[in-house]
Amino acid sequence: MKPLNQLTAWQAAAAIERGEATPTAVVQACLERIAERNDEIRAFVACDPELALAGARQAEAMAADAPGGRPLRGIPFAAKDIFDTVDYPTEYGSPIYRGHRPVADAGCVALAKHRGAVLIGKVATGEFATQTPSKTVNPLRVTHTPGGSSSGSGAAVGDYMVPVAFGTQTTGSIVRPAIYCGAVGYKPSFGLIATGGMKPLSPSQDTVGVITRDVADAAFFTMGLHGARDVMSGSVLRPRIGLCLSRQWDYAHPSTIAAIERAADTLEKAGAQVTRFWLPPEFEALEAMQLRLFAFEARQTLAQERLRNENQLSPRLQARLRGGADIGLDEYTGLLQHVAQMRARASTLFADHDVLLYPAADGEAEAGHANSGSPRYGAIWTLLHMPCVSFPLEIGPGGLPLGAQLIGAYGQDNRLLAAARFATSVLGTLPRPVN
């Protein structure tokens, strides 16, 4: 068996169920990896080994068939530091909240614990889950960005510190860092994982999801929050895939476009139906609306910080919040009405497709740490509340992963996850260095 910290979540769960490993042993292996690597990677902003081991012992004492089910028993997980936690400070990536101690766990953290998972610590976030980067570096190449704002989540999973981490996406903050760190990002349908206890940014778009090392893990952990065990029922064996073209492709590096085209050809040869189509212009126009909607809502959710502590906000976030000052209530409500209409029309994109294939990032992770890459490829789909799964396709010319995402219809998460599992099984997994 592989080192315990390198097991995926479902592999660890199976090993625990068979008696080949214990929650304490799995958690201990992850803690040792964190101790070995975190000073360099800076994924975790808070980790207490004694608390984590106490949680593991509590998981061992749980009956696997207890009322409500414990499908996640003994699985270590990390929470992006945008989620409130009782056991750890929650600072939202901002000096304004240094040392802040919430009185309750966020809903998703509480649910994960209830299902038997073990919180192993908090991982870094961009400032209030925006584009101002954290101090985390890319575990595959420390001179490069891990992506954002779920930077700590992507790096912790990509570096084998934990098998799964909660992230959030308001534009592209799960799908991109997952690709940059060689992992899988799953942004569920809006509302599938509750946002209670999460610092809000743009409430009409904020979505809780996970970063894992494979698609099966994303399904296993997310559905396990709701007590489900058989997470891959209703599989799409030969999905109908729409290769969705748009003007956003103009920003994608040629290596990314070539990788997606090769992937589409491979999937078609494996039995999938692949058709190419252009995203209708009215959907492309949503990218600009998404930015306006974000700007208005962020000024409201961060009003306390903007009005009382503006000097402690980064210049980048100050500028973004000022950018929404000209948006009036009439424009905002008009945006909400139009977006609601477009969400209703979005089902037409799936009349002939089970899922859509689309870029997840411009290319490989960018050099340097001042920027975390463009979130543009998530804007339309996050606004439309659609579920997305991003995954690496191949190694790019610079030696780092290139990736794509599959997008599903709202509420069709099982179908999307099944199609993504089919795709990744056909395309294979990238060889991953273990530093």
Side-chain angles (χ1 to χ4, degrees), residues 82 93 125-133 145 147-151 167-177 185 187 190 195 198-207 209 244 246-252 279-303 305-306 310 313-343 345-346 358-362 366 370-386 388 390 405 407 410:
I82 208 73
T125 176
E127 179 187 26
F128 295 114
T130 66
Q131 290 176 299
T132 303
T145 177
S149 63
S150 300
S151 50
T168 63
Q169 180 160 310
T170 304
T171 306
S173 293
I174 290 175
V175 297
R176 186 176 73 266
K187 185 205 81 67
F190 180 82
T195 58
M198 182 191 91
K199 179 71 171 172
L201 184 61
S202 178
S204 69
Q205 304 178 80
D206 295 339
T207 310
C244 182
S246 77
R247 290 175 296 177
Q248 289 186 329
W249 285 66
D250 294 341
Y251 299 96
L279 187 66
E282 58 269 28
F283 287 97
E284 292 214 35
L286 291 174
E287 182 182 4
M289 296 181 187
Q290 192 268 346
L291 293 172
R292 298 289 283 175
L293 195 60
F294 169 92
F296 181 91
E297 292 187 342
R299 279 181 63 83
Q300 315 311 309
T301 57
L302 297 178
E305 296 80 4
R306 173 174 58 86
E310 187 176 29
L313 299 177
S314 69
R316 184 183 314 209
L317 183 52
Q318 289 182 39
R320 291 192 75 185
L321 295 177
R322 285 195 296 269
D326 66 330
I327 303 173
L329 191 59
D330 287 345
E331 179 184 351
Y332 173 64
T333 55
L335 285 170
L336 290 178
Q337 292 169 355
H338 180 74
V339 170
Q341 294 169 359
M342 295 304 293
R343 286 174 185 148
R345 292 178 58 186
Y358 205 70
D362 287 340
E366 299 176 8
N371 296 298
S372 58
S374 173
R376 65 171 58 90
Y377 302 103
I380 295 169
W381 318 116
T382 306
L383 182 64
L384 292 174
H385 291 174
M386 293 177 175
C388 308
S390 66
Q405 60 180 319
I407 300 141
Y410 174 76

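These numbers were taken from a predicted model, which means no experiment stands behind them.
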Beyond-backbone contact of [X] with [Y], side-chain heavy atoms, under 4.5 angstrom:
{"X": "Y251", "Y": "S374", "answer": "no"}
{"X": "W381", "Y": "V175", "answer": "no"}
{"X": "Y332", "Y": "R292", "answer": "no"}
{"X": "I380", "Y": "Q290", "answer": "no"}

*asked:* Under a 3.5 Å threshold, yes or no: a donor from one side chain and an acceptor from the other, between Q169 and S150?
replied: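 Short answer, no.
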
*Could you tell me whether the side chains of D206 and T170 share a donor-acceptor contact shorter than 3.5 Å?*
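D206 vs T170: donor-acceptor pair found between side chains.
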
So, for [X] and [Y], which heavy atoms are closest and what is the spacing to 0.1 Å?
{"X": "A370", "Y": "P133", "answer": "O-CG, 3.4 Å"}
{"X": "C388", "Y": "I407", "answer": "SG-CG1, 3.9 Å"}
{"X": "L317", "Y": "T130", "answer": "CD1-CG2, 3.9 Å"}
{"X": "I174", "Y": "S390", "answer": "O-OG, 4.4 Å"}
{"X": "L293", "Y": "S202", "answer": "O-OG, 4.3 Å"}
{"X": "R299", "Y": "G324", "answer": "CD-C, 3.3 Å"}

Does [Y] offer a backbone N or O that forms a donor-acceptor pair with the side chain of [X] under 3.5 Å?
{"X": "R306", "Y": "L302", "value": "no"}
{"X": "W249", "Y": "C244", "value": "yes"}
{"X": "Q205", "Y": "T382", "value": "no"}
{"X": "Q248", "Y": "R376", "value": "yes"}
{"X": "E366", "Y": "S372", "value": "no"}
{"X": "R343", "Y": "L383", "value": "yes"}
{"X": "R176", "Y": "G148", "value": "yes"}

*Do NZ/NE/NH1/NH2 and the carboxylate oxygens of R316 and E127 come within less than 4.0 Å?*
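No, this pair does not count.
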
